[in-house]
*Asks:* 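Handing you this structure, nothing more for now.
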2 protein chains.
Amino acid sequence: MRVTIKDVAKAAGTSTATVSKVINGSHTISKATTDRVNDIIHELKYHPNSQAQNFAKRASMNIYFLTRLDKNIAFENPHMFEIMSGVQKILDKRGYTLSVKGVNEKEACAVVEQAVMQNSADAFIVHASVISRPLSRLLIESESAHIVIGYPNFESRLCWIDTNNHLSGEIATKHLIDSGFKRTAFIGGRAGDMISWHRIKGYEDALKEASISVPKTFLKQGDSTFHDGRRMMLQLLKLKNRPDSVVCANNYIALGAVEAIQSQGLSIPEDIALITFDDYPFSKTVEPMLTVVNIDVFDMGIQAGNYVLNKIKKPNFQVQSYTTLPELIVRESTRK
Amino acid sequence: MRVTIKDVAKAAGTSTATVSKVINGSHTISKATTDRVNDIIHELKYHPNSQAQNFAKRASMNIYFLTRLDKNIAFENPHMFEIMSGVQKILDKRGYTLSVKGVNEKEACAVVEQAVMQNSADAFIVHASVISRPLSRLLIESESAHIVIGYPNFESRLCWIDTNNHLSGEIATKHLIDSGFKRTAFIGGRAGDMISWHRIKGYEDALKEASISVPKTFLKQGDSTFHDGRRMMLQLLKLKNRPDSVVCANNYIALGAVEAIQSQGLSIPEDIALITFDDYPFSKTVEPMLTVVNIDVFDMGIQAGNYVLNKIKKPNFQVQSYTTLPELIVRESTRK
DNA sequence: TGTAATTAGGAAAACGTTTTCATGTTCGGT
DNA sequence: ACCGAACATGAAAACGTTTTCCTAATTACA
């Protein structure tokens, strides 16, 4: 038979109310009683029944994490795991549970709707890729604690946390400029890729600020793949007056670019410096090791977790957005 | 005010017991009553309070998924997401919730121990990378429903589901042999990499079965990276009597190998055919598209989910292991 | 010293289900 | 027409906490 709060109360010679208060850290119990109850709890190896607790507290102690979870996500969005990890670490500390829901836009709505009705989640952490207008409305109207990871692609009153890709682009470009490079090119993703788009804008702004102008042909856009990275880099190398440095919108493109440069007998960074974004494992295993502008996604998860827990406690707490700052990690590929 | 089961009972002119039975699909309720109750449920927009349900049922309706969740996992083990996805899909259907726990070996033990004591999980799905002897003992002694994804690296009575890497190696090699290649090499991971090890064994067995013998130098082992893949492939190409085909233990090695082959002005599959394992997104974006031996990891997740749910219902159900079958996907890289 | 304020702790209700068991009703078979 | 079996339903207990009052005891203050 399980040991319940009643057993503890009896053994400690108190009421269950007192035991409950000790467990939940109420300050209306004297030190002496608290100690005694805690001793008994230890002795009897009492563990509160979490379902009973949740039930009595009218809280699910459950946070939903909604994201796409399909075949390619690990490569397209490798950060997801680490964000999840950060979130989970925080929730764990506070006794919350992280429920992962692999959904598309449509399913996300259904899941949240059901959870709101059934009260089966205390908050929602939603990846931007599954946010839709209906979902946005749902979250806001139900007054659910929530946070969006990344920026929803439309205006809304949702709370979100994101990286500053524009700033990342600036930092990367500025690093090259500061290192003495004058002719910096950019290889980016396609038009619809907002992350790449912001990084491009940052690149352009950094050039403008340094009063450097480069040919229009220095900006390339294509798929975010090794293959297209190589292809575009080769095009850049064929220019009559080729760039002395290049910013790659992401690691896959960078890998292709590295390959292209080396295939032409050129070397990095002597002939062309190269910088990219996000610190993937192969940023360090490739030759030369890549300089990157990174963001601490684990920390992003921690912040997101803290935010929703705080929001659960104090629903009036009003903050709409967080932005995490990028950091420059200088390695061989830009070291002159 | 929330609408509760009592409201439904009152409106339907029945007892709460009847409503409860309707909700839970007991077959002792007449069709007429069932319909009437369901109508009322719809009309009143009643949604059972899940915490109350869990409490009354003494079930947490929670399944823990324990896995490493660190920075590199998305690349080292990109399958994880999809397995998770498969599991979640099944659990969702049955009203269970998937709680993801990012843990190392040590933490895994603590998490399971606590969950067992508090009764906060109905089953555990554990990735082999966080399995330890103490955890194994814990799971077995507590008689918890569980399944290990992958094979624990020691004998135990744990239930597990895994792919047949040995068979995969055989299939890959046999495909090359059947396509008419006579001199097949293998580029594998390091000695400790059990996945690679099994694939190598499969390769050797397939050669043996076809009575083909190749030089010892045809078997290379190194890191599972683009870089080492290229390096080892270049070594193979330098052999006086070079191979006409190669099996790469994984996609990263394969990518390096492709690069190495093409850098020598050779072409795939005309000069050298190439086959690898697991269908990653870049298997299709690389030139030429790679033939792979794949396993359906989503389906693996589904099976794992089904298994634990079944085990929860029927604790006596005795099956210790599942093995999923690999399938060959022929693309350009082996098409003569 | 008397009174108000504070503190420590307990009794019992409440939370919303499920489940057990008893009961009345219907049915098939003789 | 009668009997036992099968069926459909309901009353009430149970699940293990938290929480809301309430009371008694102590303290603080004038």
Side-chain angles (χ1 to χ4, degrees), chain A residues 1-38 40-41 44-62 95-97 115 117-120 122 312-313, chain B residues 1-38 40-41 44-62 94-97 117-120 122 312-313:
Chain A
M1 203 49 210
R2 275 191 77 89
V3 20
T4 74
I5 202 172
K6 284 182 195 167
D7 302 320
V8 176
K10 190 176 292 177
T14 70
S15 71
T16 62
T18 303
V19 178
S20 173
K21 282 168 191 162
V22 168
I23 292 170
N24 292 288
S26 160
H27 53 285
T28 73
I29 305 294
S30 70
K31 176 96 170 56
T33 311
T34 302
D35 288 348
R36 184 156 39 90
V37 169
N38 276 327
I40 301 283
I41 286 179
L44 263 49
K45 296 207 179 100
Y46 166 67
H47 293 267
N49 175 320
S50 22
Q51 283 92 261
Q53 283 183 313
N54 294 347
F55 174 50
K57 282 182 177 161
R58 289 153 207 59
S60 68
M61 297 303 279
N62 227 328
Y96 280 82
T97 270
M117 309 243 49
Q118 300 199 10
N119 203 33
S120 52
D122 295 338
I312 289 171
K313 271 209 168 160
Chain B
M1 204 48 213
R2 275 191 76 90
V3 19
T4 73
I5 202 172
K6 285 183 193 165
D7 301 320
V8 176
K10 191 177 290 177
T14 70
S15 70
T16 61
T18 304
V19 178
S20 172
K21 281 168 192 160
V22 168
I23 292 170
N24 293 287
S26 159
H27 53 284
T28 73
I29 305 294
S30 70
K31 177 96 169 55
T33 311
T34 302
D35 289 347
R36 186 156 39 90
V37 169
N38 276 327
I40 301 282
I41 286 179
L44 263 48
K45 297 207 177 94
Y46 166 67
H47 292 266
N49 174 319
S50 19
Q51 282 92 260
Q53 283 183 313
N54 294 347
F55 174 50
K57 282 181 177 161
R58 292 156 206 55
S60 68
M61 298 304 278
N62 228 327
R94 306 268 296 269
Y96 281 81
T97 271
M117 308 243 49
Q118 299 199 10
N119 205 33
S120 52
D122 295 338
I312 290 170
K313 271 208 169 161

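We name chains A, B, ... by the order of the sequence lines, and we start the count at 1 in each one.
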*Asks:* At their closest point, which heavy atom of Arg2(A) faces which heavy atom of Asn119(B), and how far apart are they?
*Replies:* NH1-CB, 3.8 Å

*Asks:* I need the Tyr46(B) OH to Ile5(B) CD1 distance, nearest 0.5 Å.
*Replies:* 4.0 Å

*Asks:* If I take atom CD from residue Gln53(A) and atom OG from residue Ser120(B), how far apart are they, to the nearest 0.5 angstrom?
*Replies:* 10.0 Å

*Asks:* Give Ser20(A) one of three labels, base, sugar-phosphate or nothing, depending on what nucleic acid heavy atoms sit under 4.0 Å from its own.
*Replies:* base

*Asks:* Side chain to side chain contact (heavy atoms under 4.5 Å, CB included) with Val8(B): which of Thr14(B), Val19(B), Thr16(B)?
*Replies:* Val19(B)

*Asks:* So what does Asn54(A) touch, heavy atoms closer than 4.0 Å: a base, only the sugar-phosphate, or nothing?
*Replies:* nothing

*Asks:* Can you give the first and last nucleotides of DNA chain D, 5' to 3', that have an atom under 4.0 Å from a heavy atom of chain A?
*Replies:* dG16(D) to dT20(D)

*Asks:* Give the intermediate values and the outcome of side chain to side chain donor-acceptor pair (under 3.5 Å) for residues Ser60(B) and Asp122(B).
*Replies:* CA-CA 6 Å; Ser60(B) 68; Asp122(B) 295 338; 3.0 Å; yes

*Asks:* Any protein N or O atoms within reach of nucleotides 6-11 of chain C? Criterion: under 3.5 Å, listing atom names and distances.
*Replies:*
unit_1	atom_1	unit_2	atom_2	d
dG9(C)	OP1	Ser30(A)	OG	3.3
dG9(C)	OP1	Thr33(A)	OG1	2.4
dG9(C)	OP2	Ser30(A)	N	2.8
dG9(C)	OP2	Ser30(A)	OG	3.2
dG9(C)	OP2	Thr33(A)	OG1	3.2
dG10(C)	OP2	Ser15(A)	N	3.0
dG10(C)	OP2	Ser15(A)	OG	3.4
dG10(C)	OP2	Thr18(A)	OG1	2.4
dG10(C)	O6	Lys21(A)	NZ	2.8

*Asks:* How many angstroms lie between CD1 in Ile29(A) and NE2 in His27(A), if you round to the nearest 0.5 Å?
*Replies:* 10.0 Å

*Asks:* Give, for atom NE2 of His47(A) and atom CD1 of Ile41(A), the distance between the pair rounded to the nearest 0.5 Å.
*Replies:* 10.0 Å

*Asks:* Between atom CD of Gln118(B) and atom CD of Gln51(A), what is the distance when rounded to the nearest 0.5 Å?
*Replies:* 9.5 Å

